[in-house]
Amino acid sequence: MTEHLLELSDVHASIGVSHILQGVSFDVPAGDVTVIIGRNGVGKTTTLRAVLGLVERTGEIRYDGRRIDAMETSRIVREGIAYVPEDRDVFADLTVAENLALAERKGRPHRYDLVHDLFPELESRAKQRAGTLSGGQQQMVSLARGLLNESPLLLIDEPTKGLAPKVVSEVVKALELIKGTATVLMVEQNIAAARRLADHVVIMAEGRVVAQHPAAVLHDEATIREALGVGTTQGGH
């Protein structure tokens, strides 16, 4: 494995006529958690989607030293990149167990023991339709699908967004427990959660990376206020 598991160089991406990413460049160190922060609309989610090829993009994207920017999304996923989207995307009419089964990838261990240890509720609700779960429980399903296969790289988009404080704590605790078992690139606006999880911070503004810092920057209120347009006491939103 290379020192930087993921490398983006001069990545541009558009959605329709909107030029969202305007030359994004940064590296994701192997084995660490890198958190992207920035105001709404600066391209954080689009950056994750660009890695997976879910949006039209140009520039170089290297995963474990190999270029993946010309690959189909399905091939990128097979290379060992898992994605937990912002909007959860559970299959509402399927059970919890069926949602997890759909995430199984051939040729990789299926870590049901891990996801049930992290989210015991999912085991007890295995036969329940996902659409009848609470928002927090659906987020657990979404995270469990991302963690089910042994993936070297996890892309996680705002895992605590819209959750009650108790559920935020459960989700962050689960992510703390998997630290070091995979490389993580995460978008997270909740600064308290980011402080607990991040090893590195990427700050974005207007479709570009404006700074990269060690996680200690998350305790610098002036920098965070400038990056997010709020004080840290507001949780980053």
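Everything numeric here is computed off the predicted structure, so don't read it as measured data. Side chains are part of it too, since the values below use all heavy atoms of this structure and drop only hydrogens, waters and symmetry mates.
Minimum heavy-atom separation, Glu226 to Arg39: O-NH2, 3.5 Å.
Residues Ile61 and Ile15 share a hydrophobic cluster, clusters being chains of Ile/Leu/Val/Met/Phe/Trp/Tyr side chains in contact below 4.5 Å. A continuous path of Ile, Leu, Val, Met, Phe, Trp and Tyr side chains, each step under 4.5 Å between heavy atoms, connects Ile191 with Val210, placing both in one hydrophobic cluster. Residues Met140 and Leu94 fall into different hydrophobic clusters, defined by Ile, Leu, Val, Met, Phe, Trp and Tyr side chains chained together at heavy-atom separations under 4.5 Å. The hydrophobic clustering, which links ILVMFWY residues whose side-chain heavy atoms are closer than 4.5 Å, places Leu177 and Leu122 together. Val55 and Leu185 fall within a single hydrophobic cluster, where Ile, Leu, Val, Met, Phe, Trp and Tyr are joined by side-chain heavy atoms under 4.5 Å apart, directly or via other members.
Residue-environment remark: CD (Glu56) stays at or below the threshold of 12 foreign heavy atoms within 6.0 Å. At most 12 non-hydrogen atoms from other residues, nucleotides or ligands lie less than 6.0 angstrom from CD of Glu206. More than 12 heavy atoms of other shown residues, nucleotides or ligands fall within 6.0 angstrom of atom CZ in Arg67.
In this structure, CE in Met204 is found 7.5 Å from CZ in Phe26, a value given to the nearest 0.5 Å. Taking CG of Leu143 as the reference point, atom CD1 of Ile156 lies at 6.0 Å (rounded to 0.5 Å). The line from CD1 of Ile68 to CD of Glu7 is 10.5 Å long, rounded to the nearest 0.5 Å. Remark: Ile20 CD1 to Arg57 CZ distance equals 15.5 Å, nearest 0.5 Å. Here CG of Asp157 is found 3.5 Å from OG1 of Thr45. Values are rounded to the nearest 0.5 Å.
Screening Val28, Ile81, Val84 for a side-chain contact (heavy atoms from CB on, under 4.5 Å) with Leu155, the sole residue that qualifies is Ile81.
Using a 4.5 Å heavy-atom threshold, the side chains of Glu86 and Val187 count as separate. Side-chain contact between His200 and Gln212 is absent, with no heavy atoms from C-beta onward closer than 4.5 Å. When side chains are defined from C-beta on, Glu170 does not count as touching Leu163, because their heavy atoms never get closer than 4.5 Å. Put simply, the side chain of Thr58 does not reach to within 4.5 Å of the side chain of Val11, judged on heavy atoms. You'll find the side chain of Leu148 reaches within 4.5 Å of the side chain of Glu104, heavy atoms only.
At a threshold of 4.0 Å, the pair Asp199-Lys179 counts as salt-bridged, since one of the basic side-chain nitrogens sits closer than that to a carboxylate oxygen.
Within the 6.0 Å centre-distance limit, the rings of His12 and His19 are counted as a close aromatic pair.
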Give the C-alpha distance, both sets of side-chain angles, the deciding distance and a yes or no for salt bridge (Lys or Arg N to Asp or Glu O under 4.0 Å) between Arg62 and Asp69. CA-CA 7 Å; Arg62 292 184 179 272; Asp69 46 87; over 6 Å; no
Might you work through the salt bridge (Lys or Arg N to Asp or Glu O under 4.0 Å) test for Glu188 and Lys161, ending with a clear yes or no? CA-CA 8 Å; Glu188 183 53 83; Lys161 182 179 179 181; over 6 Å; no
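Scanning for side chain to side chain contact (heavy atoms under 4.5 Å, CB included) contacts around Ala82 gives Ser151, Leu154, with sequence neighbours left out. For Ala215, the side chain to side chain contact (heavy atoms under 4.5 Å, CB included) partners at least two apart in sequence or on another chain are Ala198. A search for side chain to side chain contact (heavy atoms under 4.5 Å, CB included) contacts involving Ala130 returns Val90, Asn99, Leu133, not counting sequence neighbours.
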